[in-house]
*Asks:* 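Input: one structure, supplied below.
Start at 1 with the first residue, then count along the sequence. On a predicted model such as this, the values are computed, not experimentally measured, just so you know.
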Amino acid sequence: MSLNSLYCLKICPVEGCNRFCKFCGGYSIWKTKEDRKYKFMDLELAEKMAFSFGNEYESKRISIGQFGEPLLHPNIFDIIQAFRSYGPSHMQTIFSNGLCLIENGADFICEIFAKGIDFLIIDTYTKGEEIRKVVKKSKIKMIDFYKDKPKSFPGFMYQKPGKEKVIVIVDDLGSKAGIDRRRGIVNSAGNSNPKILKKYGIFPIVNPIESKCVRPFREMIVCHDGAVPICCIDWKRDCLLGVFTNSISKIWNSKSFQAVRYLLYNKKRIFNPCYKCDFSGGNRRGFLKCPEEVDYGYLERMQKRSKYKSKYSVDPFWYDKGLNGITSFLRR
């Protein structure tokens, strides 16, 4: 498998959450509890996506969650089952805050796994003890992230599907941010509440981080309505790379995806939302490969969308010079 190939498909069956964590990127689109309206992925869209991913890729990961609480979806069992039916070799994981488990009980948990989930990751922001009691009743293997300290997270989920069913309990990120380097608060590409982040010692970045980012090289996210933003923390869809209709691979190999990969490979976070993102870039950056074929028209579009276009004198043909012409572009 090429390290530049799609490794993880992230889907958002629900936009909206039954919690209101103020350090979450959802702050950018739901500033008050009154704004928090649920939007659900159409089951037909989910089934088309499952069919496409299952037929175009083998032995990948499916991550269900992202921009909302996935277990709120009225057809979540059908969505899980569709991805399992069309992708028997894929590893399926759900990320949840666990509140729905308290309401629905241990049988609900067992049904999630029966439909095809391999891992259930629960971020217990509140009611941790109540969630643990329900999990124990399900008799599914439980791992406490901070107490059991799994050697690899989420690396321990890389095993083959069906080998083991596991629930991972992760204590409130707000109270344990930074205790483990694998779990920390970021500014969600500038979408989190900056006033709240200051309480955690996180401040807005002045200049773009000069670093590669593995996300557009390794994963793709699809929102409840089929929209495909650049990554899982682009809450406001500042960089929309496509809309799913019938093919995952078509979007993944599109000119727009290649353009952002080209810029990020060359550590040029000049476009929105990457210019304001404090994410370090992830692991395996050294294994990334620069796209061989890039449409310069798309690169020029990215340049025009740049936050910094009005602050610098930029050579409009910098891309023809192997990015040398953009060196001064990031200097004040």
*Asks:* Minimum heavy-atom separation for Gly16 and Leu72, please, with both atom names.
*Replies:* O-CD1, 4.3 Å

*Asks:* At what distance, to the nearest 0.5 angstrom, does CG of Leu43 lie from CG of Asn75?
*Replies:* 5.0 Å

*Asks:* Distance check, rounded to the nearest 0.5 Å: Lys10 atom NZ versus Gln66 atom CD?
*Replies:* 5.0 Å

*Asks:* Using side chain to side chain contact (heavy atoms under 4.5 Å, CB included) as the criterion, point out the one residue from Met49, Glu56, Lys48 that pairs with Ser52.
*Replies:* Glu56

*Asks:* Hydrophobic clustering (ILVMFWY, side-chain heavy atoms < 4.5 Å, transitive) - are Phe95 and Val14 grouped together?
*Replies:* no

*Asks:* Got Lys127 and Leu99 here, is their nearest side-chain heavy-atom distance under 4.5 Å?
*Replies:* yes

*Asks:* Could you tell me which non-hydrogen atom of Thr124 sits nearest to which non-hydrogen atom of Ile131, and how far apart they are?
*Replies:* CG2-CD1, 3.9 Å

*Asks:* Taking all non-hydrogen atoms of both residues into account, name the closest pair between Ile230 and Leu241 and its distance.
*Replies:* CA-CD1, 3.8 Å

*Asks:* Kindly indicate whether the side chain of Cys24, heavy atoms from C-beta on, has any atom under 4.5 Å from the side chain of Trp235.
*Replies:* yes

*Asks:* Check whether any side-chain heavy atom of Cys277 lies under 4.5 Å from a side-chain heavy atom of Ile209, and answer yes or no.
*Replies:* no

*Asks:* Could you check whether the rings of Phe108 and Phe77 sit parallel, tilted or perpendicular, using 30° and 60° as the cut-offs?
*Replies:* tilted

*Asks:* Parallel, tilted or perpendicular: which fits the ring planes of Phe40 and His73, with parallel below 30° and perpendicular above 60°?
*Replies:* perpendicular

*Asks:* Check the pair Lys276 / Asp238 against salt bridge (Lys or Arg N to Asp or Glu O under 4.0 Å), numbers first and verdict last.
*Replies:* CA-CA 11 Å; Lys276 55 187 177 180; Asp238 288 321; 3.7 Å; yes

*Asks:* So does Asp107 have more than 12 non-hydrogen atoms from other groups sitting under 6.0 Å from CG?
*Replies:* no

*Asks:* Does one hydrophobic cluster hold both Ile140 and Ile102, with members joined at side-chain heavy-atom distances below 4.5 Å?
*Replies:* yes

*Asks:* Do the side chains of Ile11 and Tyr38 join up, straight or via other hydrophobic residues, at under 4.5 Å, putting them in one cluster?
*Replies:* no

*Asks:* Is any side-chain heavy atom of Met220 closer than 4.5 Å to a side-chain heavy atom of Phe53?
*Replies:* no

*Asks:* Is Asp123 salt-bridged to Arg19, going by a charged N under 4.0 Å from an acidic O?
*Replies:* no

*Asks:* Measuring from atom SG of Cys223 to atom CE of Met41, what distance do you get when rounded to the nearest 0.5 angstrom?
*Replies:* 8.0 Å

*Asks:* Is the terminal nitrogen or CZ of Arg261 (NZ for Lys, CZ for Arg) located under 6.0 angstrom from the six-membered ring centre of Trp252 and within 45° of that ring's axis?
*Replies:* yes

*Asks:* Evaluate the criterion salt bridge (Lys or Arg N to Asp or Glu O under 4.0 Å) for residue pair Glu111 and Lys115; output intermediate values, then yes/no.
*Replies:* CA-CA 6 Å; Glu111 188 66 13; Lys115 294 298 182 182; 3.5 Å; yes

*Asks:* Decide yes or no on salt bridge (Lys or Arg N to Asp or Glu O under 4.0 Å) for Arg215 and Asp234, but give the supporting numbers first.
*Replies:* CA-CA 11 Å; Arg215 279 178 168 158; Asp234 185 9; over 6 Å; no

*Asks:* Nearest heavy-atom pair of Leu71 and Leu101: which atoms, and what distance?
*Replies:* CD1-CD2, 3.7 Å

*Asks:* Provide the closest heavy-atom pair for Ile76 versus Pro13 in the form atom of the first, atom of the second, distance.
*Replies:* CD1-CG, 4.4 Å

*Asks:* Between Asp278 and Ile205 (side chain of the first, backbone of the second, donor and acceptor by atom type, cut-off under 3.5 Å), is there such a pair?
*Replies:* no

*Asks:* Assign the ring pair Phe51 / Tyr86 to parallel, tilted or perpendicular, where the plane angle (0 to 90°) is split at 30° and 60°.
*Replies:* perpendicular

*Asks:* Compare all side-chain heavy atoms of Ile64 with those of Ile117 and state whether any distance is below 4.5 angstrom.
*Replies:* yes

*Asks:* Would Gln81 and Ser85 count as having a side-chain donor-acceptor pair, cut-off 3.5 Å?
*Replies:* no

*Asks:* Do you know which two heavy atoms are closest between Arg84 and Gln92, and how far apart they sit?
*Replies:* N-NE2, 3.1 Å

